[in-house]
Protein chains: 2
Amino acid sequence: MPMETPVKDRTYSIRQLSKEFDVTARALRFYEDKGLISPERKGQTRLYSPRDRARLQLILRGKRLGFSLIEIHEILDLYTPKDHGVAQMRATLGKYRGQIETLKRQREDIEAAIKDMSDGCVWLEDQIDQLEAENAQ
Amino acid sequence: MPMETPVKDRTYSIRQLSKEFDVTARALRFYEDKGLISPERKGQTRLYSPRDRARLQLILRGKRLGFSLIEIHEILDLYTPKDHGVAQMRATLGKYRGQIETLKRQREDIEAAIKDMSDGCVWLEDQIDQLEAENAQ
DNA sequence: TCTTACATTTACGTCAACGTAAAGTTATGT
DNA sequence: ACATAACTTTACGTTGACGTAAATGTAAGA
């Protein structure tokens, strides 16, 4: 009976990841080139760990939110424990808070956009109802 | 005594708008080139109406949310009343709803991001507190 | 009238984020 | 043994969103 591979040690090929998240292998290599992910190598080929996978998720979320790869890189930095002195940790904390502020501003933009469009939606529905009532005469 | 200019008829120069919203005049002309805004002309020079100003606000909000100019163009289309047949209005309504779905997905991404970072923030604060407690010995 | 400030168009330059083609390597099935 | 599939690197191409330079026009102030 073969040993179960512990989840921690699972690895993913570049194709598996690209299929799962619907990005091209080219993109994954590009992200590596830009220092966003650093998968292990078995000889030449890349082996992505669960941690790499998690980082990719963060990258893609960042993209959906419209951040540049550079900004995403900075955000990822915040996620990777530095474990330095208290001063460094304070600095990091500051960046955390700054990032949170950015996100909250963005959230307000979204709320506003959703409200605008929802209102427009309701208005349109009313117009349609009205025209239909006329036609039903 | 000079007549007060009614708000409706106020106009803005390209510089005024670019300063107010902190974008370059080049960008404004570029947006016009792409059909996102269409200011009046007094001779050669552009005169932006309050409606143009409002459109610009929508454009910039779209940008902050990471939409491309093409996507923003489509969104702007939704804001400009077409006043066509019921069939068209139904189609437009569909686009509205699709856009709203997109925005809601984006909102979930943001909520998740904010939660992640807030948690990390709290964790970091705890770490710092702990290290300080040690140092205080 | 001359300068200064802001406006215009035209056109080439740039940077990010990949796409794509070429040429080669490694593992897998028949 | 050989094809096929999936991986690799290198390098040039592309698209979007402007920047920037050049040449020109216009209106206001010294």
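Throughout, a chain's letter reflects where its sequence line sits, starting with A, and its residues are numbered from 1. None of the values given here were measured: they were computed from a predicted structure.
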Interatomic distance, [X] [atom1] vs [N] [atom2] [rounded to whole Å]:
| X | N | atom1 | atom2 | value |
| --- | --- | --- | --- | --- |
| Glu71(A) | dA16(C) | CD | C1' | 12 Å |
| Lys19(B) | dA7(C) | NZ | P | 9 Å |
| Leu28(A) | dA6(D) | CG | C1' | 14 Å |
| Leu47(A) | dA6(D) | CG | C1' | 13 Å |
| Glu40(B) | dA7(C) | CD | P | 17 Å |
| Asp33(B) | dT8(C) | CG | P | 13 Å |
| Lys42(A) | dA27(C) | NZ | C1' | 8 Å |

dA6(D) phosphate, OP1 or OP2: any side-chain N/O from Thr45(A) under 4.0 angstrom?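 So the side-chain polar atoms of Thr45(A) never come under 4.0 Å of the phosphate oxygens OP1 or OP2 of dA6(D).
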Looking at every heavy atom in both Leu103(B) and Ala113(A), which two are closest together, and how far apart are they?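 Looking at all heavy atoms of both residues, the shortest contact is CD1-CB, 3.8 Å.
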Side-chain ion pair, Glu111(B) and Lys104(B), N-O less than 4.0 Å: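 No.
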Going by an N to O cut-off under 4.0 Å, is there a salt bridge joining Arg61(A) and Asp116(B)?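 Result for this pair is yes, salt bridge flagged.
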Reading nucleotides 10-25 of chain D from 5' to 3' and marking B where a protein heavy atom lies under 4.0 Å of the base, S where only the sugar-phosphate is that close, and - otherwise, the string is -B-----BBBB-----
Taking the side chain from His73(A) and the backbone from Glu71(A), do they hold a donor-acceptor pair closer than 3.5 Å?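 Not confirmed, His73(A) side chain does not pair with Glu71(A) backbone.
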Taking the six-membered ring of Phe30(B), is NZ or CZ of Arg26(B) closer than 6.0 Å to its centre and within 45° of its axis?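 Cation-pi check for Arg26(B) and Phe30(B): fails.
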At under 4.0 Å between heavy atoms, what does Arg46(B) touch on the DNA or RNA strands: base, sugar-phosphate, or nothing?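 Touches sugar-phosphate only.
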Could you go step by step and tell me if Glu108(A) and Arg64(B) meet the salt bridge (charged side-chain N to carboxylate O under 4.0 Å, His left out) rule? CA-CA 11 Å; Glu108(A) 297 190 3; Arg64(B) 286 195 300 273; over 6 Å; no
